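Structure first, commentary second.
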Amino acid sequence: MSENSRKKDVTTEIVVGAFMFTMLVVLLTITVVMSQNKFFEKSWTLKAEFPDVGGLKEGESVFLRGVKIGNVDKIEVAEDESGVELEMRLDRPVTLYEGYKLQVETASMLGGMRLVIDEGDHSGPKIPEDQLMNLKGEPTPDLLETANLLVGDLREITSQISSGKGTIGRLIYEDGLYAEAEGLVKSLNETAADLEIVSENARLISDRLATGKGTLGRLLSEDEGLFTELTNTVANVNAASGDIRKIVARVEKGEGTLGRLLSSDDQVYKDLSATVESLRSFSESLNNDEGTVARLLSDDTLYIKVEGLVDEARATIDDFRETSPITTFSTIFFGAF
Amino acid sequence: MALNDPYECPACTNLFAQWGHNTLAFFQQVGQAILLNSRALFMTPLMFRKRMRTEVAYQLFYTGIKSLPVLSVVAFFVGMIFAVQTGIELARFGQEVNVGGAVTVVMLREMGPFMTGLIIVASVGSSIGAQLGTMKVSEEISALEIMSIDPVRFLVMPRLVALMVMMPFLTLYTDVLSIFGGGVIATVQLGVEPAAYLDNALLYAENKDLYTGLFKALVFGFVINMVACHQGLTTKGGAVGVGKSTRSTVVISFLVILITGFILTKFFYG
Amino acid sequence: MIEFRNVKKDFSGRPVLRGFNLHVRKGETMCLVGTSGAGKSVTLKHMVRLLKASSGEILIDGEDIQPLEGKALSSMREKFGYLFQSAALLQWLTVYENVALPLRERTKLSDGEIDRKVRHVLDRVNMSHALGKLPADISGGMQKRAGLARAVVSEPDILLYDEPTSGLDPVTSRTIDTLIHDLQSDLGVTSVVVTHDMISALTISDRIAMLHQGTVLEVSPPREFLASQNEVVRDFLDSQCISRNFFEEFPERILK
């Protein structure tokens, strides 16, 4: 064999050997890293029985307070099929207290499950060591079912809103109430303006009274003539009061409209006063611009905002509807491997 | 003869009889290919013989080292493409960080062995088919037989060893490089920290993914050699025949890789 | 030594050998001549069981080789050296490695012994200068010579030549003829040469067999062959301008 080709053979062997050795080292490294140093680190084992594990698989992560502390090691249906026996291997020991919870949860948007440990109330009694091999797990909520219920509820609400049912719906879709409220506020404002005039008048009156002007003023000043007039008046009034008494008697007997209103039962009065009361507080709060409705009435930017909100809600629901096929897609995609 | 002559369809006018005979001929080809490679597999202990070692080493070199440049480019870009595509979708949900897991799991389980298989079919498989085909038509195979050198031991076995040893290693190489490529995209385009990318990759990837992928690569190595050597050794009819067997090596290997890949995935992941 | 007894062979129903009878004696050089498709190469391939006869017997040293398999077939083949039409050297091995191949694969000789033998044989065929060259880098004639070296290196009892001079220029052809002749006289092997080059056939052979349509038409020594009255033989000789006085006219120095 020529020297040259022998040299080539040696080079070939060296290169092949170097490549394979390198790849073996890489393989070993990856293996060790991916098994999370299981080979060298101590581990602690917990066993629990679950009613069901909702698709949790061996090797998936175990979390405590949001920190990964281990993996699910073994999942087996119990011999009597009463539940699922689950064994987990943890990187650190865990102390559990009365009221602890072991719950299977969805790990991410893309699916995958994880086991979450809630160690329970620290003030409660500790779970003894020998019990750690015989823990009880919580039943697993079905994520998709929950999501479907949520979507169903949302869809119902928004469809009601859309069709103008309910308070919000009517608030949004019927402008009658708005107009009414607007009118009310307007007249309230007018009332307030009137009141101002009244108080102005009252001030004028008291001024005149103080200066002894006019009837009342004169009454209050020292003018004997007027006193006699007043006495006469009182006499008249007395007579008149007799009439009034008669009327009152009639009213008391329940005669006449007013009498019927006031006597038969006090229901109408109560209704009326309740109405008045609520109207009063309503208009008070309206005047104070308190509460959503008030602001709704006094400020139409809010109306626009609400409208925007409903639009957003609808968009959100649309998004959700779009999202579901993507979730399905990713589930299928990852399931494929 | 290293291989028996192909089953001859008797000249018959009945269409159904023809189909039947064609089916028999097909089965003969499949059986021949499997038996050929099984024989080579049983001869693998002979590779440690002093005079076989050089040939085996050369085949390892030719199959493994010579494929590294093209594999590097392919692996790196496949990783980047996969990261870009999954990244776009994941970013819609603010889940970019999961790109590490997505790329790693997919590469380890499926794309690593699959891409490596396709590249090796196209480069090494076609080369084996063409080389053995040329040897067949230029009577070199006959020459070996007359020298009492078993072509299965002398030609098929070293290539089988090379493919079955190198495929897992090359797949591992592809895995590592494509995960690195995905990491570059994750860092540069998606703004995922390299450490977060790796953490996420390790969160989702398991040793099972790695080793099932490598096992798949091993099976692909066997399959590629089986198709290529059989096609090469049954070549007939000069340069045209060599062209045909090279072509059918690539086509059949592709199909068989796809099908065995599916079966293995089904087997390991249900 | 080699005996064909009523051998028949057909490819897909097309008969190639039809009741073929031939006897090659130990130590002689037999040339098989004939037109293309007469069954010359097929006959040669039957001798080493590259092809299996449809019926009839092929005896090598008195043993029917048709039913041989595995180890028995291998040891039967070890009696043969075979020079292919295309030389059939392995393209990725150097000339030296090609010639050393049968020894390395088949014998338990030490590297030193193999080296000595290979160098000796290559020296015989005047190829010592091209030890490290790849077959693709040398000419057709050199490839044939290397192929010849590979065929004789394992010291076979029988040498089969499939068209050793085809595709070569006349001068190189005569060199090959001389080589065949010399090897024959040195090693004392039995040789069967397939050719349609009548000059080769006449100059190197002890007997010439004329094959025609799958049968042996005539077997005779060269001088008798030249004188044959058979129409097919005459046509074959005339088509190559071989006169009846070939041996008188052919310059002796070309042969030796």
Side-chain angles (χ1 to χ4, degrees), chain B residues 1-12 21 25 39 43 46-47 49-59 61-62 66 127-128 130-155 157-159 232-233 236-239 242, chain C residues 10-14 41 44-45 47-52 69-93 97-111 114 135-136 143 146-147 150-151 153-154 156 158-160 162-163:
Chain B
M1 284 299 281
L3 295 170
N4 292 323
D5 288 333
Y7 174 81
E8 301 250 357
C9 301
C12 45
H21 286 300
R39 265 174 71 200
M43 284 181 182
L46 300 180
M47 73 177 170
R49 272 195 197 171
K50 193 178 150 223
R51 277 161 192 168
M52 283 311 289
R53 259 183 270 164
T54 322
E55 176 64 9
V56 172
Y58 177 74
Q59 289 301 330
F61 178 78
Y62 182 76
K66 291 272 189 182
S127 140
I128 292 175
Q131 195 197 341
L132 297 195
T134 311
M135 289 184 71
K136 180 78 197 310
V137 299
S138 64
E139 297 182 303
E140 287 172 46
I141 304 286
S142 300
L144 286 176
E145 285 183 53
I146 291 165
M147 289 188 273
S148 289
I149 298 170
D150 186 355
V152 178
R153 173 178 64 79
F154 190 71
L155 298 172
M157 186 270 281
R159 286 165 175 77
L233 289 177
K236 274 188 174 167
V242 174
Chain C
D10 55 73
F11 290 123
S12 315
R14 185 174 57 85
S41 292
L44 216 54
K45 283 180 176 150
M47 291 177 189
V48 284
R49 257 287 300 283
L50 278 178
L51 291 173
K52 211 169 180 175
E69 284 299 337
K71 274 219 173 353
L73 182 62
S74 284
S75 58
M76 183 277 286
R77 280 174 172 165
E78 278 173 26
K79 294 175 185 166
F80 286 89
Y82 198 119
L83 173 61
F84 282 87
Q85 196 171 347
S86 57
L89 298 172
L90 301 183
Q91 298 295 313
W92 70 93
L93 298 179
E97 289 164 332
N98 261 294
V99 175
L101 188 69
L103 298 179
R104 284 196 183 150
E105 294 293 327
R106 236 167 38 182
T107 66
K108 288 193 156 58
L109 296 176
S110 71
D111 282 353
I114 291 175
Q143 287 194 25
R150 186 178 67 181
V153 75
S154 51
I158 308 165
L159 272 169
L160 307 180
D162 193 354
E163 313 232 358

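Letters A, B, ... mirror the listed sequences (proteins, then strands); counts begin at 1. Bear in mind the structure is a predicted one, so any value in this text is a computation, not a measurement.
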Hey, could you give me the OG/NZ distance between S148(B) and K71(C), rounded to the nearest 0.5 Å? 10.0 Å
Determine whether E140(B) and F84(C) make a side-chain contact, defined as any pair of heavy atoms from C-beta on separated by less than 4.5 Å. no
At a 4.5 Å cut-off on heavy atoms, which part of R49(B) comes close to chain C: side chain, backbone, both, or neither? neither
The reported gap from CZ in R106(C) to CE in M147(B) (rounded to nearest 0.5 angstrom) is 8.0 Å
About how many Å separate CE of M47(C) and CD1 of I146(B), when rounded to the nearest 0.5 Å? 12.0 Å
What is the minimum heavy-atom distance between S138(B) and S86(C), and which atoms define it? O-OG, 3.0 Å
Who wins among P102(C), G147(C), S154(C), A88(C) for the most heavy-atom pairs under 4.5 Å with chain B? A88(C)
A side-chain contact here means heavy atoms from C-beta on lying under 4.5 Å apart; do E139(B) and Y82(C) qualify? no
As an exercise, state the distance from CE of M135(B) to CG of L90(C), rounded to the nearest 0.5 Å. 4.5 Å
Gap separating the OG atom of S142(B) from the NZ atom of K45(C), nearest 0.5 angstrom: 6.0 Å
If I measure from the heavy atoms of chain B, does L89(C) come under 4.5 Å with its side chain, its backbone, both, or neither? backbone
So do E105(C) and R153(B) actually touch side chain to side chain, heavy atoms under 4.5 Å? yes
Any residue meeting salt bridge (charged side-chain N to carboxylate O under 4.0 Å, His left out) with E78(C), in chain and number order, not counting sequence neighbours: none
Inspect the contact between R49(C) and E145(B) and indicate whether a charged nitrogen and a carboxylate oxygen are less than 4.0 angstrom apart. no
